[in-house]
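Have a look at the structure below before the remarks.
What you are looking at is a predicted structure, and each value in this text was computed from that prediction instead of being measured. Proteins get letters first, then strands, A, B, ... in listed order; numbering begins at 1 in each.
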Amino acid sequence: MEDKSLPLGEAIDRYVRDGAHIAVGGFTLNRNPMAAIYEMIRRRIRGLHVYAHSNGTGVDELIGGGCVDRLEIAYAGNGKAAPTCIRFRKAVQEGQIAVEDYSNYMMGLRFLAGAMGVPFLPTLSGLGSDIAEKWGFSAEMRQRDPRLPDDKLITMENPFGAWGDASRVLLVPAVNPDVTLIHVQTADVMGTCRIDGLAFADIEQAKASRHVIVTCEVLAAPETLRGEPERNQIAFPHVSAVCHVPWGGYPTAVFRHYDYDAEFLRNYAAAAADDRRFREYQERWIYGVESHAALLEQVGGKRLAALTADPETGYAAHAKRG
Amino acid sequence: MEDKSLPLGEAIDRYVRDGAHIAVGGFTLNRNPMAAIYEMIRRRIRGLHVYAHSNGTGVDELIGGGCVDRLEIAYAGNGKAAPTCIRFRKAVQEGQIAVEDYSNYMMGLRFLAGAMGVPFLPTLSGLGSDIAEKWGFSAEMRQRDPRLPDDKLITMENPFGAWGDASRVLLVPAVNPDVTLIHVQTADVMGTCRIDGLAFADIEQAKASRHVIVTCEVLAAPETLRGEPERNQIAFPHVSAVCHVPWGGYPTAVFRHYDYDAEFLRNYAAAAADDRRFREYQERWIYGVESHAALLEQVGGKRLAALTADPETGYAAHAKRG
Amino acid sequence: MTAQDYTPREMMTLMAAREIRNGDIVFCGTGISVLAAAAAKKINAPESVIFFETGAVDSRLAELPIAVADPRVMHGAAAHGSLLDAFAFMQNRITGDRVIAILGAAQVDPFGNLNTTCIGDFERPAVRFPGSGGGCDVASFVPRCIAFMQHEKRKFVERLDYLTSPGGLCGGDAREAAGLRPGGVGVVITNKAVLRIDSGSRRLFLEQHYPGVTVREIVENTGFVLDVSRVREALPPTADELRILRQKCDPQRLILGPPASG
Amino acid sequence: MTAQDYTPREMMTLMAAREIRNGDIVFCGTGISVLAAAAAKKINAPESVIFFETGAVDSRLAELPIAVADPRVMHGAAAHGSLLDAFAFMQNRITGDRVIAILGAAQVDPFGNLNTTCIGDFERPAVRFPGSGGGCDVASFVPRCIAFMQHEKRKFVERLDYLTSPGGLCGGDAREAAGLRPGGVGVVITNKAVLRIDSGSRRLFLEQHYPGVTVREIVENTGFVLDVSRVREALPPTADELRILRQKCDPQRLILGPPASG
């Protein structure tokens, strides 16, 4: 039995190089691999190429941390706290990052194509839209870079005639990241993962990826997970590293463990709007702490306790979120 | 809340017409919807067009029952009892049914394409094989029948160049059956289903289908299933009818409930080899009983008790299978 | 009851809720979209089913979610699918044809196409918005889409800066010619009015103005020519609708915002 | 120990087990295929991972399954995927390149292509077999495939009646030209011998004959011309191999069948 458990910092050092193509799990304010993201920022990783669907909190922090050069994304909003993610908006408007736009389904299909090992998948989404027409990465840039497909998207006549009630399809190219980082409720040291609640696109992101770094709330015995194999969505052959990081999704929510911290997200959004205040935010919460445990200590046990999930609902019922 | 529960016979009458295009769940000797299959045979449904991957026991019974005119299939074997299903072999060799051959992955992808609402999906399987070259349904038959795609399979150059390490792909056309019949461990009256153990292609078959008839071991309260929504693979909007049929998968296995009946399967195989003995088998076990409950009574409580799953392993540990 | 008794946001929510019918499967986005779905379920369409692109089907919503990935959409759902499952559910005609979707927009054009991506040039925008999310997918797949937008001239534009989510494209049979199924945005609900797509011209026309809002005010705040020949006044919220919306749907006013001053 | 001490079936199983290396992910079919994988795990490759097209990963196999859908493959697995997950795992190069597969066949040709579909014309066959199952998929995706077959002249044929699972197709670079990744059947294990694909000619050659089986007997039972220039005698099963196979892997002889009479 191969033991893949190791400290998070070592996992980042080993698998996430400057310029790596990465994907992160979660969705807006839920189950983002925040400990891993803060650790990448702390280690000042640079030049990342990020594949995202709606990975709000984490991706905006990475952009704010100066880690990202290129971004393929469907949605950069973060619920009530930030209808458009603020460091993302700033970076795009100021031309600091190159962005290519897709829809959530297209990005999901691109990860699925990567996981399946096929060059593309078809959809009826986006025909006639500017997502199909306008390219953020130019044809020249695409041809120069062997890590990018030459075409963003291809519209094709349905080769089966009118079969399936479709005259045309849009083909979306596969994505195979170097590393996918996800945060799950439970994993074992071999790397098998169990996600509670919605899995978003984590499973496809993981399976499409050459390496997967998993952070988990609970490091369980393999025997425990194997008692109900149908509840384990990612089998160990897909995983490179397992890091036991309780509250590793904070300040985003982890179903049945804790809720998102609406106050933290609101304060982040307020700070992100101003460069000076944003540097203070980063100094205090990222660079100024040596680990996620230290960040959590600074948040304080009382505040975390208030976020702890109600066993009945899976979130902090009646929490103050306004 | 719509209550979709009804007796199995009524569900078959309502949704399975002569000539219908159907799919059945399960795999060889596991979780076949046997009660539903026996009921279709008993009701002398005729002219079915069946889509199957490796649906051994059930499909062979349907063929033996004279219900099937056309079959699209990947594998017609049934483990140790019948390396090639016997009524299938006989019907094909005697030209009684028209057969089109695919691989398991191709059939799985065809159901997935149907579930996704796209006309086709690509794969790298089967390039250069006779599965791609030889058509069981002629081009004329395909063109005549609007329920069949004009092409069995299409080989296409990769439109993204060498992206995804592929020069060509094989495109498999979507399947959308009129009815899919599956047997699951647990369902509620609205139609939400929970499958324990391997799901095979049941989920894609159900989602691709216009109607789904579910038989279940346990009819649970919706609140029970909703306590862990991540364990429910089929949500109620996909389902037309729910029939509570304990031991509804017998003589195939249902994980955590009961094992396959190796003796029944062996006796079936022996009877299937001879037309007279096969008619006796059908008379005794299908036409001669009025329902699955009556079939089970004839099997006897003692024999069923010996098949009951060990709670630890999910099957009947140390059962005589030789 | 007078116009002062309710806010434009309450009116918008209820106008959208009224579009939802019993048995509809309601695709919800974040914010006012999910509130409208919750209101319909409690008021006029108790057998409607709320579902989210994140994959939750028939969420119970004991509390209002502030994002589609809020754990509040997970609790008590019938099933949790993946992102891919949710979109396949809509792309598949068998299930997709039963879906009504509620989307937000930054710009709408006369044919019901939506922009949620940017103002200005895509490569170096003056203002960047979040992007499609599931919007493009939903508008491509779903036969009935409702769009929410603030009624401003710069938002109702003749030509979008970026066409994120397809409606009728450039009108006529352009949508079908592009390979899309019939559908896309059929109605736009604003803080002043309801605009609907005419099945003949395939353009938005003014169908209802809210009580206390003049047609002239609406026309002045619309950046393209609007057919107002068929306009009627919208029915104001009933006391029951308002009571249920305020007390049962968003008692914390998380989405409704400040109450009416009147 | 003499040749009488073990059956050809035991020898076949162990010859296949010896092909499996530590760390390999072993795709198993029904019957002797899963027995070989179980034997390898207990004898020479304890860190190999057994997996099935039905979607079970790292099954424990406390008892031998008699089909790939036997509930015995479900118990104690690391994870249960779907049929689609299992094949995607192999089609995906990242995981697929670590897989070694064990397949059965009714006919093999000189290039390692397999027929599991029919004898005679496909449309009205003299003998119909079960069909591809996952065989075509696995042979298309996996770099290392082992085929099991009884050594009979009518089974080793110059030209297959139906090419179900692609090996080297018609030889040379035909496989790559068809769009397939490198791979397919590299070795055929029979009740008499081991045949392997030559990397130059891409044809099967006779690599090993079993103790007590003559090269002449093998050539006479092979329906195409066989290069025998490099043949050597196979190492017979060791006492340890036989003990573990018989006592730990198939004590009921469900798959091994009757024991050796000697």
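If you tally non-hydrogen atom pairs under 4.5 Å between each of B/Arg210, B/His238, B/Arg226 and chain C, the highest count goes to B/Arg226. Contact count against chain B (heavy-atom pairs under 4.5 Å) is highest for C/Arg60 among C/Met90, C/Arg98, C/Arg60.
Listed in order of number, the residues of residues 68-80 of chain C that approach chain B to under 4.5 Å between heavy atoms are C/Met74, C/Gly76, C/Ala77, C/Ala78, C/Ala79, C/His80. Of all residues spanning residues 32-59 of chain C, those with a heavy atom less than 4.5 Å away from chain B's heavy atoms are C/Glu47, C/Val49, C/Val57, C/Asp58, arranged by number.
Between the side chain of C/Asn92 and the main chain of B/Met116, no donor-acceptor pair closer than 3.5 Å is present.
C/Leu84 does not touch chain B: none of its heavy atoms, backbone or side chain, sits under 4.5 Å away. Only the side chain of B/Glu223 has a heavy atom closer than 4.5 Å to any heavy atom of chain C. No part of B/Ala174 comes within reach of chain C, as not one of its non-hydrogen atoms sits under 4.5 angstrom from that chain.
Considering only residues two or more places apart in sequence or on other chains, B/Arg194 meets the side chain to side chain donor-acceptor pair (under 3.5 Å) condition with B/Asn232. Taking B/Asn30 as the reference, nothing meets the side chain to side chain donor-acceptor pair (under 3.5 Å) condition, with sequence neighbours excluded.
The closest side-chain heavy-atom distance from B/Asn176 to C/Arg93 is not below 4.5 Å. Using a 4.5 Å cut-off on side-chain heavy atoms (C-beta onward), B/Val118 and C/Gln91 make contact.
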